[in-house]
K.L.:
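This is the structure, below, for whatever I ask next.
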There are 2 protein chains.
Amino acid sequence: MTTTSNILQGRHELYREETVQKVLVAAEQLGYRPNLLARGLAKQTTHTVGLVLEPHHSRITRNDYALPILEGATEFLTQQDYDIKIITLVNEHPKYLWCRIESAAIDGALLLAPVMESPLLEWNQHLSIPVVSVGSTLPPDYGIPYVDIDNERAMRMLVEWILAQGHRQIGFVKGHPLHWSAYQRERTFRQVLAEHNIHPREEWVVQGNYTAESGRRAAQQILACNKLPTVVICANDGSAVGFIQQLTELRIRVPEDISVAGFDDEPLLHPIAPNLTTVRHDKVQVGYLASQMLFQQIVNETNSVASTLIEGSLVVRSSVANLRGGQRRPNYSQLKEVQR
Amino acid sequence: MTTTSNILQGRHELYREETVQKVLVAAEQLGYRPNLLARGLAKQTTHTVGLVLEPHHSRITRNDYALPILEGATEFLTQQDYDIKIITLVNEHPKYLWCRIESAAIDGALLLAPVMESPLLEWNQHLSIPVVSVGSTLPPDYGIPYVDIDNERAMRMLVEWILAQGHRQIGFVKGHPLHWSAYQRERTFRQVLAEHNIHPREEWVVQGNYTAESGRRAAQQILACNKLPTVVICANDGSAVGFIQQLTELRIRVPEDISVAGFDDEPLLHPIAPNLTTVRHDKVQVGYLASQMLFQQIVNETNSVASTLIEGSLVVRSSVANLRGGQRRPNYSQLKEVQR
DNA sequence: GTGAAAGCGCTAACAC
DNA sequence: GTGTTAGCGCTTTCAC
């Protein structure tokens with residue numbers, strides 16, 4: 001049995017060609033297919049990783065993050081002969097949470113953008129299989145490595161570019177309050193402005209939650225101010241699109257009347273807002289790298305915590321006006337006029 | 001051990017309350033969690049089903065079908081304590097195909113819209129675990145049950161409604177040539193027209209492949225005809241959106257100059273083409289029912305082949321003009337004029 | 001109501 | 001190089 005087992009596992013070099021062939025042919029004829037469960041039991045491994053979705057991501061369809069991540073992860077893991085299991089959490093008691101995950105029989109897990117108060121962050125206190133956070137940059141004390149876009153660097157790039165276009169009156173639509181990314185994006189926004197001695201009017205910094213609907217509301221809120229910013233940065237493309245749609249319905253032009261920038265360069269939204277200036281965020285690559293990192297941990301049996309940030313890049317289209325080019329931005333009364 | 005095993009599996013009625021509690025408490029204290037692999041080995045079951053994606057659906061992101069299906073399937077299977085494994089096929093030789101699937105260690109599988117020449121259709125000749133085709137109505141000789149929208153009924157409804165609006169010059173943009181749904185939709189289109197003694201001009205029936213890009217090309221092709229249809233039915237919303245965008249760029253108005261209808265009522269496209277008249281297609285429900293059907297087969301160990309068709313419903317918005325209302329449609333020369 | 005023991009299909013020491 | 005054997009952690013038949 002040793003012989004058969006070894007050969008079937010690909011350790012051909014231990015035997016002479018003749019034996020190898022004999023086994024292989026026999027296996028072929030009998031239509032033999034290894035039982036992965038049995039192998040897993042014996043080797044204590046399942047060749048499967050989990051992609052954990054929190055209740056918060058409830059309807060996966062609406063989550064434009066899950067798919068590219070899944071795609072990238074699939075791409076890498078398929079090469080390694082690993083499968084992916086979708087683990088959808090449904091508000092289980094913390095008590096059952098770890099059971100649920102453990103009974104999925106996985107070798108490791110990808111956490112899809114865990115939110116700030118997610119119980120999943122205590123992973124290492126309950127489970128011993130490796131885990132990687134994908135899409136949330138986590139404080140180091142959780143001991144969970146992550147792969148994410150470098151939100152701070154990317155936002156800095158965007159804000160500095162916008163400043164270079166001559167804008168000084170800058171608004172901001174925040175992201176979802178529970179997301180680390182939202183926090184980082186807003187913080188960097190403020191920081192860069194501060195470095196340029198600009199203090200944003202707080203009425204121009206409004207809450208959003210990454211949805212188009214929240215972008216619309218944000219637009220209404222900002223338009224209600226006495227003075228308007230020349231540009232508004234939205235924490236993601238989704239809210240930027242809502243923002244722009246609201247503006248458009250009020251016949252306010254982008255970027256002639258007001259400039260808008262997004263973040264993420266969401267491909268699905270290209271047809272809706274083809275001229276949106278934003279920051280490219282390669283989610284497929286995030287998924288790829290995260291699964292690669294997870295795989296390393298699984299095979300090395302090391303829990304080395306070396307996170308990876310990937311760089312975003314500025315995508316300049318035409319939704320942000322260049323105020324330097326001698327273009328005049330309309331004054332407030334004109335704007336109010338046009339809203340009628 | 002019998003006692004423990006039985007109680008842990010929920011067969012409490014065999015024992016007196018006292019024993020049950022003793023076991024449960026002990027398990028709790030020891031932090032016992034069953035090893036699903038071992039249980040699987042013993043019971044010959046894995047509590048996992050596969051969602052099989054063909055190479056054809058290569059980039060899952062682009063596939064607006066996979067997610068709602070996954071969502072529906074997750075919803076049902078989570079209740080049943082089943083997990084879902086994503087099985088992405090990558091052009092393996094047919095020889096390895098079945099190994100690949102078998103080694104995924106699943107109790108059954110959902111086939112995501114298998115295409116016409118898919119090797120997966122020979123499933124029953126190679127594998128003995130149950131399978132359900134989701135999103136492709138298959139000829140009965142394959143012996144694979146399916147859950148799908150009733151393409152024929154839905155298309156009939158749409159075409160008849162369009163006829164009722166007074167349209168007689170009707171064009172059609174076909175779907176992807178390898179998809180059963182495309183075949184059904186086109187056939188029904190022709191059939192309903194025939195029943196009304198209308199014979200569509202063949203130059204108005206053009207090939208598409210469900211993408212927006214193919215819709216644009218279709219628009220160009222139809223606009224190149226000497227005579228134009230008053231309405232064009234696109235085999236899905238994706239191509240309808242491309243069709244409309246191409247028209248819009250040429251300053252042809254929908255529906256004033258030409259009417260356009262879609263199919264599927266794809267939520268992602270609502271913001272892009274909010275006025276598209278189409279047919280509602282509840283993919284989440286398809287996924288739910290398909291997994292339910294698969295589950296039945298798994299637990300009953302019956303391979304009963306009873307497919308399910310779910311009904312679509314007409315979504316009337318404003319992209320199709322009512323020719324009865326005394327509205328005049330522009331003549332050809334006006335249309336050509338406007339394209340300049 | 002409970003324990004002993006065989007076995008699910010495979011891997012990996014270990015001896016030969 | 002090759003066969004024997006003892007598990008992996010659970011279920012289940014069969015005695016008691």
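Values in this document were obtained by computation on a predicted structure and should not be read as measured data. Lettering of chains follows the sequences in order, A, B, ..., and the numbering in each one begins at 1.
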K.L.:
I'd like to know if B/Glu71 pairs up with B/Lys283 as an ion pair, taking the criterion as any Lys NZ or Arg NE/NH1/NH2 lying under 4.0 Å from an Asp or Glu carboxylate oxygen.
P.N.:
no
K.L.:
On DNA chain C, check which nucleotide each of B/Thr19 and A/Arg39 is closest to and give me the residue with the more 5' one.
P.N.:
B/Thr19
K.L.:
Looking at B/Ser5, does any N or O in its side chain come under 4.0 Å of the phosphate oxygens OP1/OP2 on D/dT11?
P.N.:
yes
K.L.:
Round to a whole Å and report the spacing from CG of A/Leu41 to C1' of D/dG7.
P.N.:
10 Å
K.L.:
Looking only at side-chain atoms of A/Tyr15, point me to the closest of D/dG1, C/dA12, D/dG7.
P.N.:
D/dG1
K.L.:
Rounded to whole Å, how long is the line connecting atom NE2 of A/His47 with atom P of C/dT11?
P.N.:
11 Å
K.L.:
Between D/dT2 and A/Arg11, is there an OP1 or OP2 to side-chain N/O distance shorter than 4.0 Å?
P.N.:
no
K.L.:
Return yes if some donor-acceptor pair links the side-chain N/O of B/Trp123 with the main-chain N/O of B/Ile129 below 3.5 Å, else return no.
P.N.:
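Answer holds: yes.
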K.L.:
Parallel, tilted or perpendicular: which describes the rings of A/His126 and A/Trp98, with under 30° parallel and over 60° perpendicular?
P.N.:
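Parallel, since the angle between the ring planes stays under 30°.
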K.L.:
Round to the nearest Å and state the distance from A/Lys43 atom NZ to C/dA12 atom C1'.
P.N.:
10 Å
K.L.:
Take atom CD of A/Glu18 and atom P of D/dG1, then tell me their distance rounded to the nearest Å.
P.N.:
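Distance, rounded to whole Å: 10 Å.
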K.L.:
When the distance from CD1 of B/Ile7 to C1' of C/dT2 is rounded to whole Å, what number comes out?
P.N.:
11 Å
K.L.:
Would one find more than 12 heavy atoms of other residues, nucleotides or ligands at under 6.0 Å from atom CD of A/Glu117?
P.N.:
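Not more than 12 within 6.0 Å, no.
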K.L.:
B/Gln44 side chain: which of C/dG1, C/dC8, C/dT11 is closest?
P.N.:
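The answer is C/dC8, which lies nearest to the side chain.
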K.L.:
To the side chain of A/Asn35, which of D/dC10, C/dC10, D/dT2 is closest?
P.N.:
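Side chain of A/Asn35 sits closest to C/dC10.
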K.L.:
In whole Å, what is the span from the CG atom of B/Asn6 to the P atom of D/dG9?
P.N.:
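About 21 Å, once rounded to whole Å.
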K.L.:
Nearest to the side chain of A/Arg16, heavy atoms from C-beta on, is which of D/dG1, C/dG9, D/dT11?
P.N.:
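Out of D/dG1, C/dG9, D/dT11, the nucleotide with an atom closest to A/Arg16's side chain is D/dG1.
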K.L.:
Looking across every strand, which nucleic acid part, if any, lies under 4.0 Å from A/Leu14 by heavy atom: base, sugar-phosphate, or nothing?
P.N.:
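Sugar-phosphate: the residue A/Leu14, judged by heavy atoms under 4.0 Å, touches backbone atoms but no base.
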K.L.:
Roughly, in whole Å, what's the span from CG in A/Leu8 to P in C/dC10?
P.N.:
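Taking CG of A/Leu8 and P of C/dC10, I get 9 Å after rounding.
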K.L.:
List the steps, then state whether side chain to side chain contact (heavy atoms under 4.5 Å, CB included) holds for A/Leu24 with A/Leu8.
P.N.:
CA-CA 7 Å; A/Leu24 258 28; A/Leu8 256 21; 4.1 Å; yes
